Number of protein chains: 2
Amino acid sequence: MAMVRGRRAHRKLATRDALQRAALELVRSNGPDAVTVEEICARAGVSPRTFFNYFTSKEEAIIDWDAEIDAFVTTAVAERPPAESPVRAIRAVLASAVGDAMGMDMWQDRMELIREQPGLIGRFVAVMGSVQRALAAGVARRTGLATDHLYVAVTAAASVAAIRTAIQAWTDAPDGTDPARLIDDAFAYLESGLAPPAH
Amino acid sequence: MAMVRGRRAHRKLATRDALQRAALELVRSNGPDAVTVEEICARAGVSPRTFFNYFTSKEEAIIDWDAEIDAFVTTAVAERPPAESPVRAIRAVLASAVGDAMGMDMWQDRMELIREQPGLIGRFVAVMGSVQRALAAGVARRTGLATDHLYVAVTAAASVAAIRTAIQAWTDAPDGTDPARLIDDAFAYLESGLAPPAH
DNA sequence: TCGATAGTTTGCAGTCAGTGCAAGGAATGC
DNA sequence: GCATTCCTTGCACTGACTGCAAACTATCGA
């Protein structure tokens with residue numbers, strides 16, 4: 001957490017938080033398409049114009065993304081034991097990261113939201129793009145290859161495809177299903193070169 | 001090609017084509033954000049309201065997608081020799097499909113467009129989602145597993161990630177680079193379980 | 001050939017997202 | 001205190017997109 005100095009900076013954080021909270025609540029009860037920026041602002045006690053000083057789109061307020069998470073993912077992947085293959089490193093980092101996230105109320109809420117409101121998938125995909133770049137940076141550091149080397153890019157993209165699929169499967173699965181298990185299985189398929197299951 | 005009977009159906013096709021052509025030309029010269037639906041319609045000789053009888057968004061007119069292609073991909077994957085693994089089957093189908101597409105002027109144009117106008121990537125991703133569903137259906141038919149089986153879903157998603165990455169790499173590569181080669185390399189990484197290149 | 005029918009186009013009016021600008025207000029540094 | 005800087009807000013505007021009802025036109029049966 002960055003230090004907050006001064007009344008001004010504090011108020012900014014509070015406003016941002018109020019907007020996000022208002023957006024989340026309204027979308028939760030009405031669905032994403034039935035909520036207008038105006039309503040969100042009314043609830044947060046802020047003018048509509050101000051909304052766009054904080055977020056560039058309605059969806060961004062609902063599911064925002066912190067650049068700090070990307071930085072964390074990059075270094076976490078880079079610093080896994082060198083003996084591990086890149087995919088293994090990614091698998092380890094994501095399994096624990098997602099596991100942690102599921103423990104946090106805020107994320108539990110958002111995941112539930114995505115589960116219920118398919119209209120937010122677009123935004124979710126955008127966020128995953130951010131994760132993909134972070135993973136690519138980590139793999140690049142770890143292998144000494146360039147970020148845009150084909151191997152690095154494919155590894156990051158395929159890994160994100162795997163988590164995305166696992167999360168998708170989880171949203172379709174019955175309540176109580178363990179997401180970590182699905183992520184693990186998805187990565188196992190990846191690491192096997194996508195060989196069909198013995199079955 | 002479906003048979004066109006009657007003047008009415010013929011005119012409809014012509015209008016659709018005119019709109020698409022107009023959109024493509026304008027975007028080509030001005031970039032996607034600088035083109036309005038109104039301009040597209042003026043050039044196609046049609047009222048703005050009519051535009052939305054044909055396409056649900058501006059982007060859809062620029063890069064549209066035919067459901068017939070999806071159907072083709074599904075059966076092509078399903079009918080590859082049974083000895084091939086699912087990824088191999090996908091690789092074979094996509095390599096030839098993309099190879100063919102590159103030969104067609106229309107697609108060459110669109111690819112150039114995506115290369116030059118990063119603002120269209122969102123729409124491109126949407127189209128890839130359609131391809132992903134088609135691939136999943138093909139793999140399901142071929143393995144006897146359900147379409148939403150985790151293995152099937154991961155295979156389709158990872159394959160799409162591989163093509164998308166290859167195309168991305170191609171857009172960044174110098175002119176004259178062979179896209180088929182990049183696709184091939186990307187799938188080779190996938191099939192190896194994302195093992196890092198020897199080098 | 002004519003007239004009923006059904007499919008298409010279009011104008012109109014309206015909602016909503018998102019942006020640029022300039023004025024007002026409040027925190028901050030000196 | 002006072003000037004500066006940052007933030008908010010209202011206003012006016014562009015542009016995507018939708019529903020509705022009226023005008024038009026191809027089609028088809030009598």
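On a predicted model such as this, the values are computed, not experimentally measured, just so you know. Sequence lines set the chain letters: A, B, ... in the order given, protein chains first and strands last, and positions in each chain run from 1. Reckoned from all heavy atoms, side chains included, excluding hydrogens, waters and symmetry mates.
Atoms CZ (B/Phe52) and P (C/dT15) sit 18 Å apart, rounded to a whole Å. Protein atom CD of B/Glu38 is 13 Å distant from nucleotide atom P of C/dC12, rounded to whole Å. The interatomic distance linking A/Phe55 (CZ) with C/dG18 (P) rounds to 12 Å, in whole Å. Between B/Asp33 atom CG and C/dG20 atom P there is a gap of 12 Å when expressed in whole angstrom units. Straight-line distance from the CD1 atom of B/Ile40 to the C1' atom of D/dC17: 13 Å, rounded to whole Å. Taking atom CG of B/Leu13 as the reference point, atom P of C/dG7 lies 17 Å away to the nearest angstrom. For A/Phe51 and D/dC11, the CZ to P distance is 21 Å, given to the nearest whole Å.
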For nucleotides 1-10 of chain D, just jot down a letter per nucleotide in 5' to 3' order: B, S or -, based on protein non-hydrogen atoms under 4.0 Å. ----BBSBBB
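By the rule that hydrophobic residues join a cluster once side-chain heavy atoms approach within less than 4.5 Å of another member, A/Ile63 and A/Ile167 end up as members of one cluster.
In this structure, B/Arg21 places its CZ atom where only 12 or fewer heavy-atom neighbours from other residues, nucleotides or ligands lie under 6.0 Å away.
Of the residues in residues 56-66 of chain B, B/Thr56, B/Ser57, B/Lys58 come within less than 4.0 Å of DNA chain D through at least one heavy atom, sorted by number.
Side-chain contact between B/Thr74 and B/Arg141: present, with at least one pair of heavy atoms (C-beta onward) separated by less than 4.5 Å. Taking the side chain as every heavy atom from C-beta outward, A/Pro86 and B/Leu194 never approach each other to under 4.5 Å.
The distance from the CZ atom of B/Arg16 to the CZ atom of B/Phe51 is 10.0 Å, given to the nearest 0.5 Å. To the nearest 0.5 Å, the span separating CZ on A/Arg80 from CZ on A/Arg142 amounts to 8.0 Å. Atom CZ of B/Phe52 is separated from atom SG of B/Cys41 by 7.5 Å, given to the nearest 0.5 angstrom.
The list of ring pair (Phe, Tyr, Trp, His ring centres under 6.0 Å) pairs with a residue in residues 128-167 of chain B, not counting sequence neighbours, reads A/Tyr189-B/Tyr151.
Under the salt bridge (Lys or Arg N to Asp or Glu O under 4.0 Å) criterion, A/Glu25 pairs with A/Arg43, not counting sequence neighbours.
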Is there a side-chain contact (heavy atoms from CB on, under 4.5 Å) between A/Phe55 and A/Gln20? Walk through the geometry before answering. CA-CA 10 Å; A/Phe55 307 98; A/Gln20 240 170 274; 3.9 Å; yes
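Over its full length, the helix from C/dT1-D/dA30 to C/dC30-D/dG1 turns its helical axis through 10°, comparing axes from the five pairs at each end and rounding to 10°.
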Donor-acceptor pairs are to be reported for all side-chain atoms of residues 180-188 of chain A against protein atoms at under 3.5 Å, with residues two or more places apart or in another chain.
from: A/Asp184; atom 1: OD2; to: A/Arg91; atom 2: NH2; distance (Å): 3.4

